[in-house]
Amino acid sequence: MDLLLDAAAQLLRLEVLIALFAGAVGGVLIGAIPGVGPAVAIAILLPATFGFEPLVGLVLLLGIYGSSMFGGALPAILINVPGTAVNALTLLDGHPLAQRGEARRALSLACSASFIGGVFSVLCLMAFAPVLAVVAPLFGSRDIFMAALLGAVCVVVAHRKRTMAAAAMLCLGIFIHTIGFEPVRFSTRFTFGQDWLNRGFGLIVVVLGLFAIGQAYTLLLSTDRPSTPLAMGRGRLHGLGETLRHWRTAISSSTYGVVMGIIPGVGEFTAQFFAYGHAQRRSKHPEQFGHGAPEGLIAAESANNAVPAAAMVPLLALGIPGEALTAMMLSVFYVHGVIPGPALFQSQPEFLYSLGLALLGANIVALGMLISGAPLVAQVTRIPERGLGVAVLALALVGVYSLRNSLVDCIVAAAFGVLGYILRRIDWPIVPIILGMVLGRIMEEKLRAAMARVESPLDFVSRPISAIIFALILYVLFAHFRALRRQPDAAR
Amino acid sequence: MADNLAPNPSSPTPGPHRRRGVGDGTTFLFAAILFATALSLLAQVDSETRWFAGVDWPLQPRFWPTVALLGMASSTGWLLWRTRAQRSGWLNTVTELLTWVRPMEYAAWFAAYAMIVPWLGYPLATLLFLALLGARVGVRSVAGQLALAATGIAAVLIFRTLLAVKMPPGAIYEFLPAGVRNFATLYL
């Protein structure tokens, strides 16, 4: 209880509250604009947060992350275009509801479900925190190495029908991480004699290039989407009561979100997919799914919004990001000398509760904003794509240039933007590149540290924790190949 | 139903004009480029990394680059094998490659923008960039240009004035009176 009160006290400072409010409001608006998404916003704002206190910067970014999925439901329901990729399943049932003149009902269902998912996930984070404080310090180098390897395997198999493409991108990310000056033996790797490559490719530059600049190119080269949002109708809290009547669907879907969020490399889409399928199987009216089933909408939204808080668990406990956005936030921790991992739970436990409370606050602000101002927020769906692309490209410069005022960084980011554009065009995954860079670094460091105690490969799985994780890796691979064998010639 | 819908679970934002990569020639083309790149880099592992005698293989600097490149080569090689029947004819291949290089124009715009910031200062460079690039992509109405200008002003106010993000002062500020120059250097 004392910890919670300390955490709340940290949060109740003016600058933190401003960051929370700005992040939550900004997240809803950013999520509501198709073609932007929280990844772009976080990538652009990331360098700007380096000058803040760690809590202020993280609360701002978490606010954006936690609220963007609220906003992403808006265009999914009103114009059949998901605001963020994780709202893709929302439009299956949200848009048909809107087409029947029940847009307001669909929106309040989506917001309520997102709120329940977010709150459930935060409560789980806070409930797990004391357990993690005991368990996390037991993780040694071998165990963290195996956990990072599990994350790498999961991020690959999570991309059903694009597994080999995801594997290629993960390996590309690992390779990119190795380029430059290697600080242990003081040698260079793949610099080709170029001085500017000695520093390697910074994570933020690559993130800005792939996400923000690549998306800007996609928007600039698109034709402006004609969009007329459907009328919203009346009523404010209609969906909240209905969501509570489907509490089993909301809670089970939120549980999927929490579990998938905790497993490194999995993320919102897989959580949503499993939750939707489960809800459909358990429903009394499975035939309605895809045609405006409230349970489908509730399942999708509560699952995807349950992921952010859960994704903080492996990040805070082990320093292993759960997915791409938390991978970006890792850099904020490192810049401020706050190293996520077992030591953090012991030295600054109230910091972790503050982050959980911040996410809770972001959910409350986002819900309130949409309940009271949804028609106004919906106007952002009308922004023409090419104009948006110009704005995103201009804002991306702030992110890249502010790091080191380096023209080389800008050119590198622009080049990665071209890669990001190509990958979007051919529908290859981008997130594995980022996770490859982060997990590759973790695996290299932990392997180096572990080798002092390892005499044979079996020593990597001789500890109970690493043995369990290794068994999990084998199970994930087994389940993946079994699913492949059952599918008729699915593109692998 | 959800299975058929899935566009790309890790695409950060959806794009209405994306093409599916699996099952058409684009996967084969891109996989071929990556495969060739991975092989050529693997051939240079010896020259681009050092080998330290007496150090275990997993601790060698070249271990992780080699693992990554082998992984890239294996996975793209597998994709080449699986999609070999879907590769496009020469004309389609060239057309697709030309599409892939189209964003380089905007990459050049971005680089030019970054180059003029130290000369004109962030606000003027931003307003100029937004106006010119906006006009280039077809945002030529008064309302559109004003919206872009407002975006630029908001960006300056938020990032420079409020958040004090690190940006170099413009060389052009030297021509400003001393007091205005100091203000501009700190807040614009």
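Values below: all heavy atoms of this structure, side chains included; hydrogens, waters and symmetry mates excluded. Because the structure is a prediction, the values reported are computed rather than measured. Reminder, nothing fancy here: chain letters follow the sequence lines and each chain counts from 1.
The shortest distance between side-chain heavy atoms of Phe159(B) and Ser402(A) does not fall below 4.5 Å. For the pair Trp428(A)/Leu34(B), a side-chain contact is recorded, criterion being any heavy-atom separation below 4.5 Å from C-beta on. Within the 4.5 Å cutoff, the side chain of Met167(B) has heavy atoms near those of the Val398(A) side chain. Between Tyr106(B) and Ile213(A) there is no side-chain heavy-atom pair separated by less than 4.5 Å.
Contact tally against chain A (heavy-atom pairs below 4.5 Å) for Pro103(B), Ala164(B), Gly71(B): the top residue is Pro103(B). When the candidates Glu182(A), Met443(A), Arg404(A), Gln272(A) are compared by the number of heavy-atom contacts under 4.5 Å with chain B, Met443(A) comes out ahead. Across Ala394(A), Ala168(A), Gly436(A), the residue that shares the most heavy-atom pairs under 4.5 angstrom with chain B is Ala394(A). Counting heavy-atom pairs closer than 4.5 Å to chain A, the top residue among Thr99(B), Val67(B), Val101(B) is Thr99(B). Residue with the most contacts toward chain B among Arg185(A), His177(A), Met451(A): Arg185(A) (heavy-atom pairs, distance under 4.5 Å). Here Leu220(A) is the residue among Thr191(A), Leu220(A), Thr188(A), Ile174(A) with the most heavy-atom pairs under 4.5 Å with chain B.
Note that CG of Leu221(A) and CZ of Arg102(B) are 4.5 Å apart. Values are rounded to the nearest 0.5 Å. For the atom pair CZ (Phe175(A)) and CG (Leu42(B)), the distance works out to 8.5 Å, reported to the nearest 0.5 Å. In this structure, CG on Asp427(A) lies 12.5 Å from CZ on Phe30(B), to the nearest 0.5 angstrom. The distance from atom CG of Leu197(A) to atom CD of Glu48(B), rounded to the nearest 0.5 Å, is 9.5 Å. In this structure, CG in Leu41(B) is found 8.0 Å from CD1 in Ile179(A), a value given to the nearest 0.5 Å. Between the CH2 atom of Trp64(B) and the CZ atom of Arg448(A) there is a distance of 10.5 Å, given to the nearest 0.5 Å.
Heavy-atom distances place both the backbone and the side chain of Val137(B) under 4.5 Å from chain A. Only the side chain of Leu395(A) comes within contact range of chain B, with at least one heavy atom under 4.5 Å from a heavy atom of that chain. Residue contact with chain B, scored on non-hydrogen atoms closer than 4.5 Å, involves the side chain of Leu419(A) exclusively. For a residue to count as touching a neighbouring chain, one of its non-hydrogen atoms must lie under 4.5 Å from one of that chain's; by this rule Met169(A) touches chain B with the side chain only. Contacts of Glu444(A) with chain B are made by both backbone and side-chain atoms, with heavy-atom separations under 4.5 Å. At a 4.5 Å heavy-atom cutoff, the contact between Tyr421(A) and chain B is made by side-chain atoms alone. Interface remark: Leu407(A) contributes side-chain atoms only to the contact with chain B (heavy atom separation under 4.5 Å).
Within 6.0 Å of CZ on Phe190(A) lie more than 12 heavy atoms contributed by other residues, nucleotides or ligands. Atom CZ of Phe192(A) is surrounded by more than 12 heavy atoms from other residues, nucleotides or ligands within 6.0 Å.
Inspection of non-hydrogen atoms places Arg50(B), Phe52(B), Val55(B), Asp56(B), Pro58(B), Leu59(B), Pro61(B) of residues 50-62 of chain B under 4.5 Å from chain A. Of residues 126-133 of chain B, those residues with a non-hydrogen atom less than 4.5 Å from any non-hydrogen atom of chain A are, in numerical order, Phe129(B), Leu130(B), Leu133(B). Contact annotation for residues 108-123 of chain B against chain A (heavy-atom separation below 4.5 Å, listed by residue number): Phe110(B), Ala111(B), Tyr113(B), Ala114(B), Met115(B), Val117(B), Pro118(B), Tyr122(B). Chain A is approached within less than 4.5 Å, heavy atom to heavy atom, by Leu148(B), Thr151(B) from residues 143-153 of chain B, ordered by number.
Counting all heavy atoms, side chain and backbone alike, Leu79(B) lies closest to Met164(A) at CG-CB, 3.7 Å. Contact detail for Glu96(B) and Ile426(A): the closest heavy-atom pair is OE2-CG2, 4.4 Å.
Not a single donor-acceptor pair under 3.5 Å links the side chain of Arg189(A) to the backbone N or O of Thr49(B).
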(request) Please assess Trp100(B) against Val418(A) for the test side chain to side chain contact (heavy atoms under 4.5 Å, CB included), listing each intermediate value before the final yes or no. (result) CA-CA 8 Å; Trp100(B) 289 0; Val418(A) 175; over 6 Å; no
